[in-house]
Asks: 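Pasting in a structure now, in C-alpha coordinates, and then I'll have a few things to ask.
Here the structure is a predicted model, which means the values were calculated and not measured. Just so you know, ligand 1 is whichever comes first in the structure, and atom 1 is the first atom listed for that ligand. Computed over heavy atoms, backbone and side chain alike; hydrogens, waters and symmetry mates excluded.
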Amino acid sequence: MSSRAGASPRRALVTGGAAGIGFACAERLAATGVRVTIADLRGADEAAARLDGADAWQVDLTEVTALEGLALEYDILVNNAGMQNVAPVQEFDPAAWRRMHQLMVEAPFLLIRACLPHMYARGFGRIINVSSVHGLRASAFKSAYVSAKHALEGLSKVVALEGGPHGVTSNCVNPGYVRTALVENQIADQARIHGLAEGEVLSSIMLKEAAVKRLVEPAEVAGLVEFLASDAAGMMSGGHYTMDGGWSAR
Ligand SMILES: NC(=O)c1ccc[n+]([C@@H]2O[C@H](COP(=O)([O-])OP(=O)(O)OC[C@H]3O[C@@H](n4cnc5c(N)ncnc54)[C@H](O)[C@@H]3O)[C@@H](O)[C@H]2O)c1
(Lines give C-alpha, C1' and ligand atoms only; values in the text may rest on other atoms or scores of the structure.)
Protein backbone atom coordinates (compact mmCIF):
# COMPACT_ATOMS: atom_id res chain seq x y z
CA MET A 1 0.00 0.00 0.00
CA SER A 2 2.91 2.32 0.68
CA SER A 3 4.02 2.01 -2.94
CA ARG A 4 1.08 3.99 -4.38
CA ALA A 5 3.36 6.50 -6.12
CA GLY A 6 2.51 10.12 -5.40
CA ALA A 7 -0.70 9.30 -3.57
CA SER A 8 -1.32 10.52 -0.04
CA PRO A 9 -1.14 7.74 2.57
CA ARG A 10 -4.31 5.85 3.23
CA ARG A 11 -5.92 6.42 6.59
CA ALA A 12 -7.25 3.68 8.86
CA LEU A 13 -9.35 3.70 12.01
CA VAL A 14 -8.81 0.69 14.26
CA THR A 15 -11.25 0.36 17.16
CA GLY A 16 -10.01 -1.35 20.29
CA GLY A 17 -6.59 -0.64 18.82
CA ALA A 18 -4.73 -0.11 22.09
CA ALA A 19 -4.35 -3.82 22.89
CA GLY A 20 -4.60 -7.38 21.64
CA ILE A 21 -5.70 -8.01 18.06
CA GLY A 22 -6.46 -4.32 17.47
CA PHE A 23 -2.95 -3.19 18.34
CA ALA A 24 -1.45 -5.92 16.17
CA CYS A 25 -3.62 -4.67 13.26
CA ALA A 26 -2.66 -1.04 13.89
CA GLU A 27 1.02 -1.98 14.03
CA ARG A 28 0.82 -4.01 10.80
CA LEU A 29 -1.11 -1.33 8.88
CA ALA A 30 1.25 1.40 10.08
CA ALA A 31 4.21 -0.70 8.90
CA THR A 32 2.75 -0.71 5.38
CA GLY A 33 2.57 3.09 5.30
CA VAL A 34 -1.04 3.55 6.37
CA ARG A 35 -1.74 6.46 8.72
CA VAL A 36 -3.53 4.84 11.65
CA THR A 37 -5.89 6.22 14.27
CA ILE A 38 -6.26 4.08 17.37
CA ALA A 39 -9.72 4.38 18.95
CA ASP A 40 -10.00 2.91 22.42
CA LEU A 41 -11.60 3.31 25.80
CA ARG A 42 -8.20 3.34 27.46
CA GLY A 43 -4.56 3.44 26.41
CA ALA A 44 -5.11 4.99 22.97
CA ASP A 45 -2.50 7.74 23.47
CA GLU A 46 0.14 5.32 24.76
CA ALA A 47 -0.51 2.84 21.95
CA ALA A 48 -0.41 5.55 19.27
CA ALA A 49 2.88 6.84 20.70
CA ARG A 50 4.38 3.38 20.05
CA LEU A 51 3.60 3.72 16.33
CA ASP A 52 5.28 6.28 14.15
CA GLY A 53 2.77 8.98 13.15
CA ALA A 54 -0.34 7.31 14.60
CA ASP A 55 -3.21 9.29 16.10
CA ALA A 56 -5.31 8.50 19.16
CA TRP A 57 -9.04 8.78 19.79
CA GLN A 58 -10.06 8.05 23.34
CA VAL A 59 -13.69 7.02 23.13
CA ASP A 60 -16.26 4.80 24.80
CA LEU A 61 -17.88 3.07 21.83
CA THR A 62 -20.81 1.88 23.94
CA GLU A 63 -21.95 5.52 24.04
CA VAL A 64 -23.56 5.04 20.68
CA THR A 65 -25.68 8.18 20.43
CA ALA A 66 -22.45 10.21 20.39
CA LEU A 67 -21.47 8.35 17.19
CA GLU A 68 -24.63 9.22 15.27
CA GLY A 69 -23.55 12.60 13.94
CA LEU A 70 -19.99 11.71 12.92
CA ALA A 71 -18.49 12.18 9.45
CA LEU A 72 -15.17 10.32 9.26
CA GLU A 73 -12.49 10.47 6.59
CA TYR A 74 -10.89 7.03 6.68
CA ASP A 75 -10.13 4.66 3.81
CA ILE A 76 -9.91 1.58 6.02
CA LEU A 77 -12.11 0.84 9.01
CA VAL A 78 -11.27 -2.07 11.30
CA ASN A 79 -14.22 -2.71 13.63
CA ASN A 80 -12.37 -4.64 16.30
CA ALA A 81 -13.35 -3.44 19.80
CA GLY A 82 -15.10 -6.18 21.71
CA MET A 83 -15.83 -7.65 25.11
CA GLN A 84 -16.94 -10.96 26.59
CA ASN A 85 -19.27 -12.07 29.37
CA VAL A 86 -20.21 -15.68 30.04
CA ALA A 87 -23.41 -16.68 31.85
CA PRO A 88 -26.42 -18.90 31.19
CA VAL A 89 -29.21 -17.08 29.34
CA GLN A 90 -31.52 -17.06 32.37
CA GLU A 91 -28.83 -15.38 34.48
CA PHE A 92 -27.39 -13.04 31.83
CA ASP A 93 -27.46 -9.44 33.04
CA PRO A 94 -29.65 -7.53 30.53
CA ALA A 95 -27.54 -4.38 30.86
CA ALA A 96 -24.35 -6.30 30.02
CA TRP A 97 -26.11 -7.99 27.08
CA ARG A 98 -27.19 -4.60 25.73
CA ARG A 99 -23.69 -3.09 26.23
CA MET A 100 -22.10 -5.92 24.24
CA HIS A 101 -24.50 -5.36 21.36
CA GLN A 102 -23.83 -1.62 21.49
CA LEU A 103 -20.08 -2.19 21.29
CA MET A 104 -20.02 -5.04 18.77
CA VAL A 105 -23.01 -4.26 16.50
CA GLU A 106 -24.31 -0.71 16.93
CA ALA A 107 -20.92 1.01 17.08
CA PRO A 108 -19.67 -0.84 13.95
CA PHE A 109 -22.88 0.17 12.13
CA LEU A 110 -22.51 3.81 13.17
CA LEU A 111 -18.81 3.96 12.29
CA ILE A 112 -19.41 2.34 8.89
CA ARG A 113 -22.25 4.83 8.34
CA ALA A 114 -19.89 7.69 9.24
CA CYS A 115 -17.10 6.45 6.92
CA LEU A 116 -19.02 5.50 3.77
CA PRO A 117 -19.62 8.99 2.29
CA HIS A 118 -15.84 9.66 2.21
CA MET A 119 -15.11 6.16 0.88
CA TYR A 120 -17.78 6.50 -1.82
CA ALA A 121 -16.39 9.92 -2.83
CA ARG A 122 -12.90 8.40 -3.16
CA GLY A 123 -14.13 5.25 -4.91
CA PHE A 124 -12.17 3.12 -2.43
CA GLY A 125 -12.87 1.67 0.99
CA ARG A 126 -12.13 -1.35 3.11
CA ILE A 127 -14.40 -2.35 5.99
CA ILE A 128 -12.95 -5.16 8.05
CA ASN A 129 -15.06 -6.50 10.88
CA VAL A 130 -13.33 -8.58 13.51
CA SER A 131 -15.96 -11.22 14.09
CA SER A 132 -15.10 -14.63 15.50
CA VAL A 133 -15.69 -18.30 14.99
CA HIS A 134 -18.64 -17.35 17.19
CA GLY A 135 -20.01 -15.34 14.26
CA LEU A 136 -20.51 -18.74 12.59
CA ARG A 137 -20.90 -21.19 15.46
CA ALA A 138 -22.54 -21.06 18.90
CA SER A 139 -21.15 -21.94 22.30
CA ALA A 140 -23.15 -22.30 25.49
CA PHE A 141 -23.20 -19.34 27.93
CA LYS A 142 -22.25 -16.77 25.25
CA SER A 143 -25.68 -15.53 24.16
CA ALA A 144 -24.66 -11.86 23.88
CA TYR A 145 -21.34 -12.52 22.16
CA VAL A 146 -22.63 -15.13 19.70
CA SER A 147 -25.70 -13.09 18.75
CA ALA A 148 -23.67 -9.88 18.41
CA LYS A 149 -21.08 -11.54 16.16
CA HIS A 150 -23.81 -13.19 14.04
CA ALA A 151 -25.41 -9.74 13.63
CA LEU A 152 -22.04 -8.27 12.64
CA GLU A 153 -21.78 -10.93 9.90
CA GLY A 154 -25.14 -9.81 8.48
CA LEU A 155 -24.23 -6.13 8.67
CA SER A 156 -20.94 -6.83 6.90
CA LYS A 157 -22.71 -8.60 4.01
CA VAL A 158 -25.21 -5.77 3.51
CA VAL A 159 -22.37 -3.23 3.42
CA ALA A 160 -20.60 -5.40 0.84
CA LEU A 161 -23.65 -5.31 -1.41
CA GLU A 162 -24.18 -1.56 -1.08
CA GLY A 163 -20.49 -0.67 -1.22
CA GLY A 164 -19.46 -2.80 -4.19
CA PRO A 165 -20.39 -0.31 -6.91
CA HIS A 166 -18.40 2.36 -5.02
CA GLY A 167 -15.15 0.42 -4.65
CA VAL A 168 -15.86 -0.44 -1.03
CA THR A 169 -15.41 -4.00 0.23
CA SER A 170 -16.67 -5.37 3.52
CA ASN A 171 -15.54 -8.59 5.15
CA CYS A 172 -15.38 -10.41 8.46
CA VAL A 173 -12.39 -12.18 9.93
CA ASN A 174 -13.19 -15.12 12.18
CA PRO A 175 -10.49 -16.22 14.59
CA GLY A 176 -10.77 -19.04 17.10
CA TYR A 177 -9.27 -18.31 20.52
CA VAL A 178 -6.50 -15.70 20.26
CA ARG A 179 -3.77 -15.10 22.83
CA THR A 180 -5.10 -11.79 24.30
CA ALA A 181 -6.43 -10.37 27.57
CA LEU A 182 -9.99 -11.10 26.42
CA VAL A 183 -9.23 -14.82 26.53
CA GLU A 184 -7.07 -14.74 29.66
CA ASN A 185 -9.85 -12.89 31.51
CA GLN A 186 -12.49 -15.50 30.72
CA ILE A 187 -10.54 -18.57 31.85
CA ALA A 188 -11.71 -18.21 35.48
CA ASP A 189 -15.34 -17.62 34.40
CA GLN A 190 -15.29 -20.59 32.03
CA ALA A 191 -13.80 -22.82 34.75
CA ARG A 192 -16.54 -21.85 37.20
CA ILE A 193 -19.41 -22.20 34.77
CA HIS A 194 -18.26 -25.53 33.30
CA GLY A 195 -17.15 -26.92 36.68
CA LEU A 196 -13.51 -27.37 35.60
CA ALA A 197 -10.12 -26.45 36.99
CA GLU A 198 -8.69 -23.33 35.30
CA GLY A 199 -5.86 -25.41 33.84
CA GLU A 200 -8.40 -27.59 32.00
CA VAL A 201 -10.23 -24.74 30.25
CA LEU A 202 -7.74 -24.43 27.40
CA SER A 203 -7.74 -28.10 26.39
CA SER A 204 -11.32 -29.04 27.36
CA ILE A 205 -13.15 -25.92 26.16
CA MET A 206 -11.12 -23.48 24.10
CA LEU A 207 -9.14 -25.88 21.91
CA LYS A 208 -11.64 -28.75 21.97
CA GLU A 209 -13.09 -28.15 18.49
CA ALA A 210 -9.90 -27.03 16.74
CA ALA A 211 -7.73 -29.45 14.77
CA VAL A 212 -4.66 -27.26 15.37
CA LYS A 213 -4.31 -27.32 19.15
CA ARG A 214 -2.92 -23.90 19.95
CA LEU A 215 -4.12 -20.33 20.41
CA VAL A 216 -4.07 -17.98 17.41
CA GLU A 217 -1.48 -15.19 17.71
CA PRO A 218 -2.69 -11.57 17.29
CA ALA A 219 -0.07 -11.05 14.56
CA GLU A 220 -1.64 -13.85 12.52
CA VAL A 221 -5.02 -12.09 12.55
CA ALA A 222 -3.29 -8.81 11.68
CA GLY A 223 -1.71 -10.40 8.62
CA LEU A 224 -5.14 -11.37 7.32
CA VAL A 225 -6.52 -7.90 8.07
CA GLU A 226 -3.59 -6.30 6.24
CA PHE A 227 -4.32 -8.42 3.18
CA LEU A 228 -8.05 -7.61 3.20
CA ALA A 229 -7.15 -3.91 3.43
CA SER A 230 -4.86 -4.09 0.41
CA ASP A 231 -5.54 -3.34 -3.25
CA ALA A 232 -4.99 -7.04 -3.97
CA ALA A 233 -8.20 -7.90 -2.07
CA GLY A 234 -10.51 -5.80 -4.26
CA MET A 235 -12.59 -8.82 -5.29
CA MET A 236 -12.92 -10.17 -1.77
CA SER A 237 -16.16 -8.81 -0.38
CA GLY A 238 -19.12 -10.08 1.60
CA GLY A 239 -17.05 -12.95 2.91
CA HIS A 240 -15.82 -14.29 6.18
CA TYR A 241 -12.32 -15.63 6.59
CA THR A 242 -11.76 -18.16 9.33
CA MET A 243 -8.54 -18.54 11.29
CA ASP A 244 -9.75 -21.14 13.73
CA GLY A 245 -7.43 -24.11 13.32
CA GLY A 246 -10.19 -26.08 11.63
CA TRP A 247 -12.92 -25.57 14.27
CA SER A 248 -15.58 -24.53 11.74
CA ALA A 249 -14.69 -27.40 9.39
CA ARG A 250 -16.85 -29.57 11.64
N1 LIG B 1 -9.22 -13.09 21.82
C2 LIG B 1 -9.94 -13.99 21.16
O3 LIG B 1 -9.85 -15.19 21.39
C4 LIG B 1 -10.86 -13.55 20.06
C5 LIG B 1 -11.36 -14.52 19.19
C6 LIG B 1 -12.20 -14.15 18.17
C7 LIG B 1 -12.56 -12.83 18.04
N8 LIG B 1 -12.08 -11.89 18.88
C9 LIG B 1 -12.50 -10.52 18.71
O10 LIG B 1 -11.38 -9.71 18.48
C11 LIG B 1 -11.65 -8.39 18.93
C12 LIG B 1 -10.51 -7.91 19.82
O13 LIG B 1 -10.41 -8.78 20.91
P14 LIG B 1 -9.07 -8.96 21.76
O15 LIG B 1 -9.00 -10.39 22.09
O16 LIG B 1 -7.93 -8.28 21.10
O17 LIG B 1 -9.52 -8.21 23.08
P18 LIG B 1 -8.71 -7.26 24.10
O19 LIG B 1 -9.54 -7.26 25.33
O20 LIG B 1 -7.28 -7.66 24.17
O21 LIG B 1 -8.81 -5.85 23.38
C22 LIG B 1 -10.04 -5.24 23.17
C23 LIG B 1 -9.83 -3.76 23.11
O24 LIG B 1 -11.13 -3.14 22.96
C25 LIG B 1 -11.17 -2.04 23.83
N26 LIG B 1 -12.54 -1.73 24.25
C27 LIG B 1 -13.31 -2.47 25.06
N28 LIG B 1 -14.47 -1.82 25.30
C29 LIG B 1 -14.40 -0.64 24.61
C30 LIG B 1 -15.28 0.45 24.48
N31 LIG B 1 -16.44 0.51 25.15
N32 LIG B 1 -14.91 1.49 23.68
C33 LIG B 1 -13.70 1.47 23.05
N34 LIG B 1 -12.83 0.46 23.15
C35 LIG B 1 -13.18 -0.59 23.93
C36 LIG B 1 -10.34 -2.46 25.03
O37 LIG B 1 -9.94 -1.34 25.81
C38 LIG B 1 -9.20 -3.20 24.39
O39 LIG B 1 -8.10 -2.35 24.07
C40 LIG B 1 -12.99 -8.45 19.64
O41 LIG B 1 -14.02 -7.99 18.80
C42 LIG B 1 -13.17 -9.93 19.92
O43 LIG B 1 -14.52 -10.29 20.00
C44 LIG B 1 -11.22 -12.23 19.90
Asks: Give every donor-acceptor pair under 3.5 Å between a side-chain atom in residues 100-113 and any protein atom, sequence neighbours left out.
Replies:
{"unit_1": "H101", "atom_1": "NE2", "unit_2": "A144", "atom_2": "O", "d": "3.3"}
{"unit_1": "H101", "atom_1": "NE2", "unit_2": "S147", "atom_2": "OG", "d": "2.9"}
{"unit_1": "R113", "atom_1": "NH1", "unit_2": "E68", "atom_2": "O", "d": "3.1"}

Asks: Can you work out which protein residues put a heavy atom within less than 4.0 Å of ligand 1?
Replies: G16, A19, G20, I21, D40, L41, R42, V59, D60, L61, T62, N80, A81, G82, L103, V130, S131, S132, Y145, K149, P175, G176, Y177, V178, T180, A181, L182, V183

Asks: Show which side-chain atoms of residues 212-223 pair as donor or acceptor with protein atoms under 3.5 Å away, not counting sequence neighbours.
Replies:
{"unit_1": "K213", "atom_1": "NZ", "unit_2": "L207", "atom_2": "O", "d": "2.8"}
{"unit_1": "K213", "atom_1": "NZ", "unit_2": "K208", "atom_2": "O", "d": "3.1"}
{"unit_1": "K213", "atom_1": "NZ", "unit_2": "A210", "atom_2": "O", "d": "2.8"}
{"unit_1": "R214", "atom_1": "NH1", "unit_2": "E220", "atom_2": "OE1", "d": "3.0"}
{"unit_1": "R214", "atom_1": "NH2", "unit_2": "E220", "atom_2": "OE2", "d": "2.9"}
{"unit_1": "E217", "atom_1": "OE1", "unit_2": "R179", "atom_2": "NE", "d": "3.3"}
{"unit_1": "E217", "atom_1": "OE2", "unit_2": "R179", "atom_2": "NE", "d": "2.9"}
{"unit_1": "E217", "atom_1": "OE2", "unit_2": "R179", "atom_2": "NH2", "d": "3.0"}
{"unit_1": "E220", "atom_1": "OE1", "unit_2": "E217", "atom_2": "N", "d": "2.9"}

Asks: Check whether R11 reaches the backbone of E73 with its side chain - one donor and one acceptor, N or O, closer than 3.5 Å.
Replies: yes

Asks: Which of these, L13, L29, T15, sits in a side chain to side chain contact (heavy atoms under 4.5 Å, CB included) with V78?
Replies: L29

Asks: Just by modelled atom types, is the H134 backbone N or O under 3.5 Å from a matching donor or acceptor in the H150 side chain?
Replies: yes

Asks: Which residues satisfy the side-chain contact (heavy atoms from CB on, under 4.5 Å) test with T169, sequence neighbours excluded?
Replies: R126, N171, S237

